[in-house]
**Q** 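Below are the structure tokens for one structure; questions will follow.
We count ligands from 1, going down the list as the structure has it; atoms in each ligand are counted the same way. What's counted below: heavy atoms across the whole structure, side chains too, no hydrogens, waters or symmetry copies.
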Amino acid sequence: MTMDMDAAPAVKERACGSCTLCCYLPDIDELDKPANTFCRHCIAGTGCSAYEKRPATCRDFLCAWMSDALLDDAWEPSRCHMMVYRQGKQITVLVDPEHPEVWMREPYRDRLHAWAREARAEGGYVIVYAGDALSVIAGD
Ligand code: SF4
Ligand code: SF4
């Protein structure tokens with residue numbers, strides 16, 4: 001798994017604030033960072049201490065909440081404990097292992113299944129990583 005995705009402009013009024021989930025949840029090859037561990041450059045609640053030198057993967061990344069105005073504030077990563085991003089036909093959901101079942105609750109469950117149905121029409125799916133557990137929502 002990598003963080004590579006199509007870069008998209010941020011929704012104007014949104015900001016990462018104190019969220020650092022994308023410096024914690026994904027594995028990042030360029031930084032030799034495993035999943036569910038903080039990047040060595042991350043200052044909790046503040047952000048990146050290597051901002052000017054951060055790798056392209058970090059520079060190009062925005063989670064879906066930052067880039068898609070259709071995701072309401074229930075999907076703000078620091079609030080929902082999940083980070084969503086799209087890779088072509090695949091929608092990836094990384095769940096904070098301390099909240100491993102949040103994606104099964106509303107309003108998230110319905111939305112994830114709706115995305116899966118939409119993705120399925122184009123041969124895609126939703127994949128959810130929660131700690132060591134992996135779930136695929138196929139939309140059928
Ligand atoms: S997960 Fe989204 S909101 Fe949180 S720091 Fe990363 S890009 Fe910003
Ligand atoms: S290099 Fe910076 S932006 Fe990239 S994961 Fe580490 S702390 Fe986050």
**Q** Does a side-chain heavy-atom distance below 4.5 Å link Pro97 with Leu25?
**A** yes
**Q** Write out the residue and atom name of the closest protein heavy atom to atom 8 (Fe) of ligand 1, then the distance separating them to 0.1 Å.
**A** Cys16 SG, 2.3 Å
**Q** Between Thr20 and ligand 2, find which residue part has any heavy-atom pair under 4.0 Å and reply side chain, backbone, both or neither.
**A** neither
**Q** Measuring to atom 4 (Fe) of ligand 2, does Cys58 have an N/O/S atom at a distance below 2.8 Å?
**A** yes
**Q** Between Trp75 and Trp115, is the ring centroid distance below 6.0 Å?
**A** yes
**Q** Can you report which non-hydrogen protein atom sits closest to atom 6 (Fe) of ligand 1, along with the distance?
**A** Cys22 SG, 2.4 Å
**Q** How are the rings of Phe61 and Tyr85 set relative to one another: parallel (under 30°), tilted (30 to 60°) or perpendicular (over 60°)?
**A** perpendicular
**Q** Which atoms of ligand 2 are found less than 4.0 Å from any heavy atom of Ile28?
**A** 5 (S)
**Q** Provide the number and element of each atom of ligand 2 under 4.0 Å from a heavy atom of Cys42.
**A** 7 (S)
**Q** Of all the heavy-atom pairs spanning Ile43 and Ser49, show the shortest one and how long it is.
**A** CD1-CB, 3.7 Å
**Q** Is the distance from atom 2 (Fe) of ligand 1 to some N, O or S atom of Cys63 under 2.8 Å?
**A** yes
**Q** Considering all heavy atoms of both residues, which atom of Ala130 and which atom of Val95 are nearest to each other, and what is their separation?
**A** CB-CB, 3.8 Å
**Q** Between Tyr108 and Arg111, is there a cation-pi geometry (under 6.0 Å to ring centre, at most 45° from the normal)?
**A** no
**Q** Students should be able to answer this: which protein heavy-atom is nearest to atom 5 (S) of ligand 1, and at what distance?
**A** Cys19 O, 3.2 Å
**Q** Counting from 1, what ligand 2 atoms have a heavy atom of Leu31 closer than 4.0 Å?
**A** 1 (S), 4 (Fe), 5 (S), 6 (Fe)
**Q** Please check if the side chain of Arg14 supplies one atom and the backbone of Ser67 the other of a donor-acceptor pair under 3.5 Å.
**A** no
